[in-house]
Amino acid sequence: MSKAGDKSWIGRSVERIEDLTLLAGRGRYIDDIGVPPGTLHAAILRSPHAHAEIRAINTEAARRARGVVAIITAAEVAKLSASLVVGVKAPIECWPIAVGRVRHVGEPVAVVVAGDRYLAEDALELIEVDYAPLPAIVDPLAALDPQLPPLHEGLSSNIASDRSFRYGDPQREFAEAARKVSVSIRYPRNSCTPIETYGIVAVYDPAEDAYDVLANFPGPFSLHPVMARALKVPGNRLRLRTPPDSGGSFGIKQGVFPYVVLMGVAARVAGRPVKWVEDRLEHLCASVSATNRVTKLEAAVDADGRVRALSFDQIEDVGAHIRAPEPATLYRMHGNLTGAYDIRHVAVRNRVVLTNKTPTGLNRGFGGPQMYYALERLMQRVAVELKLDPIDVIRCNLVPTNAFPYQTASGALLDSGDYTRALDVALADGGFAELKKRRDAARAQGRIYGIGCTAVVEPSVSNMGYITTVLTAEERRRAGAKNGAQATATVAFDPLGAVSVHTASAPQGQGHRTVLAQIVADAFGLAPNDIRTVSEIDTARDAWSIASGNYSSRFAAAVGGAAHLAAMRLKEKLARTAAAQLNVPPAEIEFAGGRVHARGNPDNSISFARLAATSHWSPGVVADDDQALRETVFWTPPELSPPTEADEVNSSLCHGFIFDFCGVEVDRVTGAVRVDKYVTMHDCGRVLHPGMVAGQITGGFAQGIGAALYEEFAYSPDGAFLAGTFADYLLPTSTEVPVPVILHVETPSPFTPLGAKGVGEGNCMSTPVCLANAVTDALGLDAIDLPMTPAKLAAHIHPAEQAPNRARGLS
Amino acid sequence: MPRMSADANHRIRFKLNGRMVEADAEPRMLLTDFLRYNLAMTGTHVGCEHGVCGACTIEIDGVPARACLTLAVQADGADIRTIEGLAPAPGRLSVLQEAFRRHHALQCGFCTAGILLSLECYLRDNPSPDEATLRDYLGGHLCRCTGYVTIIAAALDAAERLRDANKDA
Ligand code: FES
Ligand code: FES
């Protein structure tokens, strides 16, 4: 590393602070941390049925089994806790364990707490559950049927929410448009499946009626009040802590929160600390899935491909329970439903349905994969049906460069961008012309080759109020307006003048500690190695808010910005103290190379450490306002206001831009897709650490490949779960993920302290549909749903053989 | 293997990262649990416990093996290396580990121990791998964070440096 101070650390791919520890096998993940003496271990009995009434549970034999200390069923949970609150106005309960009936395969039915995990699992086999199976609803369209009995007693049907929105005058535009183009999509269930599963150590203190829970929970900490209320304690009696390291999340680990309640109850019943680590089978069948969604999307289009209006009909399948923060998946994109396009008229109908599948929750891209699959398939259909070039259709609809900040029809404020330039740079630097030649050459040889492209606006830093768009304006008025996105950061000096940073960002492998060190080192003229950072959370001790945690790609934009602001506050104070000592105006004080000096006179200086320690040792020489020991900044962007009376919502603070194109070849015999070339252009504002940004893009891209080609949480028509192992739920490996070409343009966000935007989720939104556009181009298909497995594509290449007449005669 | 009694604990001795260790385990105990909970070697991770993800890969008698598919009693008498045995000294990293650091070949680090152990074994026997072979070989490991690109780059870089080091030696 070069000497501190000669240039900014921000923007450089410094080696990660985290890696020395992780590479040596010394990480401290949830299952690596010591537990209190006497800790017991839990195992969970889960439903084998998609839908059944629980007639009786007999735990007698299990209670007598070796090592068993306690068994928890719905009876104990209902007695000691309350239902988790749900996000829609409907009389539905949501328990962390099945109460009365099971509604999906894998739903917890009983918890055994024993001396070790082996003994707990032994005892599971001794529990007898008398189930009376009920018919299962698997298809979200079937769930619309008012004749089918509701899965939840409080509801009259399986539609938990039905809202319609209108922005501009879509009716008129559709009536006047030259053409209408539509797509019908069934987006499947999948998950970004972190390699580490959920884990919890729960302790209950009866003397203070307080819970202390360590969990690899990444936030959002808006779920803390949900957990505290379920455990029937005020928030200050649920101390939630996270371990220093977490083995990936991609949103999924948000779903550990019902188990925090369940294990809290288990610890209370057992009278001892309880540890539970989820196994992979549990994780795949019952942790969190992304929503599957049925979308009909229609466009009113001019003859030249200009889209005048959109009409969405989205049916969101949240599974067996509406678990907080759902139905957020459906509303996260609400402000940016028009994607990268200047479309002023939008009609939306959003329905949320319940089915006998795993409850849904956060999953990288969160609502983006589903929404953009429809929107970007539609844009390709516009081109095909109007016989236009898909690139031209995208280009003529892009938000114009001079329009930023641009308010979308449904209320998002697109902060910055130059979409047209990004598109042009991508086409030129990514080699689009050559790719077309490659396609033509392949086709000339009789190969099945196609090109796809897609444009996406990637939202980041969620408005904590966007979810309330599911409520009517009247309901929102009664509930009180929700908004904002509080980020927190604390910077402190110790008596030796060393700098510590804390943020409530709970990283899951993204390298937050390194970036925080870069940001704060820059402020003080130090090196990243001089800064010690802590980014795990302890709700009893740390500064945090409901928006804390690691989700909606908020770190670089919001948390990093808050750390910068906290450091700058301290820096101003130090500068004034130094000015007094060095006899120059504060404006002439500079911080560089570990020293603080007068501009133009490096000899007139004081060591940074000595200056930073002054308020500890000699507060008397520091002005009252300039005491510099510890500074905590809470930062929330004013742009994130609550939804308006007209249901417009600025659902996210930042909006990055992505333009992808790719070339794929489909094997004529097997139907397998080979990604021949993939180019992904990003504008994520100011790049803080290029290596990490590339890592986020490549990782998201690989998950996009998985969602496009391999992954599906498949269910049989009777609700049986068909993807219970990694041999059934196929993740892409190093042989399937090609190297993407990554390109950047930078238009800094005017709304964030450092100009950065989120970049973690974009390729989960863009890559699946980009590949689908290429595959449909290759095969000349009007429509295709994911995953595009070889069997599915082979059926298009080799149409089913005519059934012989004899067969018909036999039936 | 001697007959085991299901309920009894058995004394297990093996060489772990160059040092003899011994502890008791039930016959059904997995080697992953034994390493992690009985010997406090928590660097070996468990991602699936059914042999697909590769996170638990360790080196047993010179070859990579899935610790989650191995019983602790099977390790008796073996020579085992885990992630904790790769670095030449505390605070220092092996050539391969260094390459991972330089190339940002890890994010959460949960899959990393298994991948490092596999690659250590592989590069020992195959000092000059090409990218396609490496990709094929690493197909037995799931990483959900990186998209593999930087892992492959780090492995190729490490292979080259190891070759150079051997040439100089
Ligand atoms: S934990 Fe052993 S292969 Fe996954
Ligand atoms: S680095 Fe997270 S799974 Fe590989």
Side-chain angles (χ1 to χ4, degrees), chain A residues 13 15-16 18-29 31-33 116-118 192-197 245-250 277 279-281 283 507-511 691-692 694-703 705-706 725-727 731-740, chain B residues 26 28-29 33 36-37 40-53 55 82-87 90-94 97-98 100-113 116 132 134-153:
Chain A
S13 293
E15 289 187 349
R16 300 200 319 169
E18 292 85 350
D19 288 353
L20 197 56
T21 306
L22 297 180
L23 285 165
R26 292 171 179 276
R28 285 172 300 151
Y29 303 87
D31 195 22
D32 306 337
I33 295 178
D116 68 37
R117 176 67 176 250
Y118 290 77
C192 292
T193 55
I195 302 298
E196 181 196 43
T197 55
D245 296 306
S246 178
S249 168
F250 322 112
V277 176
D279 72 28
R280 180 56 58 186
L281 312 181
H283 186 86
Q508 324 282 310
Q510 291 88 347
M692 286 185 206
Q696 287 299 314
I697 291 170
T698 313
F701 166 69
Q703 290 178 337
I705 296 254
T725 73
F726 273 153
L731 307 191
T733 72
S734 52
T735 52
E736 287 93 26
V737 182
V739 182
Chain B
E26 280 185 32
R28 65 174 174 172
M29 179 171 254
D33 288 340
R36 294 176 45 77
Y37 306 137
M41 290 293 184
T42 53
T44 299
H45 297 152
V46 176
C48 71
E49 247 177 3
H50 54 252
V52 181
C53 76
T82 64
I83 180 76
E84 288 89 348
L86 291 193
R92 284 187 46 211
L93 296 175
S94 72
Q97 288 169 313
E98 273 297 351
F100 266 58
R101 192 172 187 205
R102 265 196 316 281
H103 288 269
H104 302 289
L106 66 158
Q107 287 179 30
C108 77
F110 205 75
C111 67
T112 312
L116 287 173
L134 260 181
R135 282 189 173 269
D136 223 34
Y137 179 73
L138 283 178
H141 288 271
L142 298 177
C143 172
R144 212 39 167 159
C145 298
T146 62
Y148 308 103
V149 172
T150 49
I151 294 177
I152 303 292

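The sequence lines fix the lettering, A, B, ..., with proteins before strands; numbering per chain opens at 1. Below, all heavy atoms of this structure are taken into account, side chains as well, without hydrogens, waters or symmetry copies. Since we're looking at a predicted model, the values are computed, not measured.
With a threshold of 4.5 angstrom between heavy atoms, Q508(A) approaches chain B through N, CA, C or O but not through any side-chain atom. Only the side chain of L93(B) has a heavy atom closer than 4.5 Å to any heavy atom of chain A. Proximity to chain B is limited to the backbone of S246(A), based on heavy atoms less than 4.5 angstrom apart. Heavy-atom distances place both the backbone and the side chain of P732(A) under 4.5 Å from chain B. Heavy atoms of E18(A) lying under 4.5 Å from chain B are absent altogether. Within the 4.5 angstrom heavy-atom criterion, no atom of S249(A) approaches chain B. Heavy atoms closer than 4.5 Å to chain A are found in both the backbone and the side chain of F110(B). Contact annotation for M41(B): neither backbone nor side-chain heavy atoms come within less than 4.5 Å of a heavy atom of chain A. For T150(B), no part lies near chain A; criterion is any non-hydrogen pair under 4.5 Å. Heavy atoms closer than 4.5 Å to chain A are found nowhere in Y137(B), neither backbone nor side chain. With a 4.5 Å cut-off on non-hydrogen atoms, L106(B) touches chain A through its backbone and its side chain both. Proximity to chain B is limited to the side chain of L281(A), based on heavy atoms less than 4.5 angstrom apart. Neither the backbone nor the side chain of T21(A) comes within contact range of chain B; no heavy atoms are under 4.5 Å apart. With a threshold of 4.5 angstrom between heavy atoms, F726(A) approaches chain B through its backbone and through its side chain.
The most heavy-atom pairs under 4.5 Å with chain B, out of S734(A), G25(A), G509(A), A24(A), come from S734(A). Note on M29(B), E98(B), R28(B), R92(B): by heavy-atom pairs under 4.5 Å with chain A, the leading option is R28(B). Per-residue heavy-atom pair counts under 4.5 Å with chain A were compared for G43(B), C145(B), G140(B), A40(B), and the maximum is reached by C145(B). With chain A as partner, the option from T82(B), L116(B), V149(B), L134(B) having the largest number of non-hydrogen pairs under 4.5 angstrom is V149(B). Among Q97(B), E84(B), H103(B), the residue with the largest count of heavy-atom pairs under 4.5 Å with chain A is Q97(B). For the options V737(A), I195(A), T735(A), heavy-atom pairs under 4.5 Å to chain B are most numerous at I195(A).
Between the side chain of R117(A) and the backbone N or O of V277(A) there is at least one donor-acceptor pair closer than 3.5 Å. With hydrogens and angles ignored, the 3.5 Å screen pairs a side-chain donor or acceptor of Q107(B) with a backbone N or O of G695(A). A donor-acceptor pair under 3.5 Å is formed between the side chain of R144(B) and the backbone N or O of C192(A).
D32(A) and R36(B) are joined by a salt bridge, as a carboxylate oxygen and a charged side-chain nitrogen come within less than 4.0 angstrom of each other.
Closest approach of I83(B) to A113(B), counting heavy atoms only: CB-CB, 3.8 Å.
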D33(B) vs Y118(A), side-chain hydrogen bond (donor to acceptor under 3.5 Å, both in side chains): CA-CA, chis, key distance, verdict
CA-CA 10 Å; D33(B) 288 340; Y118(A) 290 77; 2.6 Å; yes
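Around the CZ atom of R26(A), the shell of radius 6.0 Å holds no more than 12 heavy atoms that belong to other residues, nucleotides or ligands.
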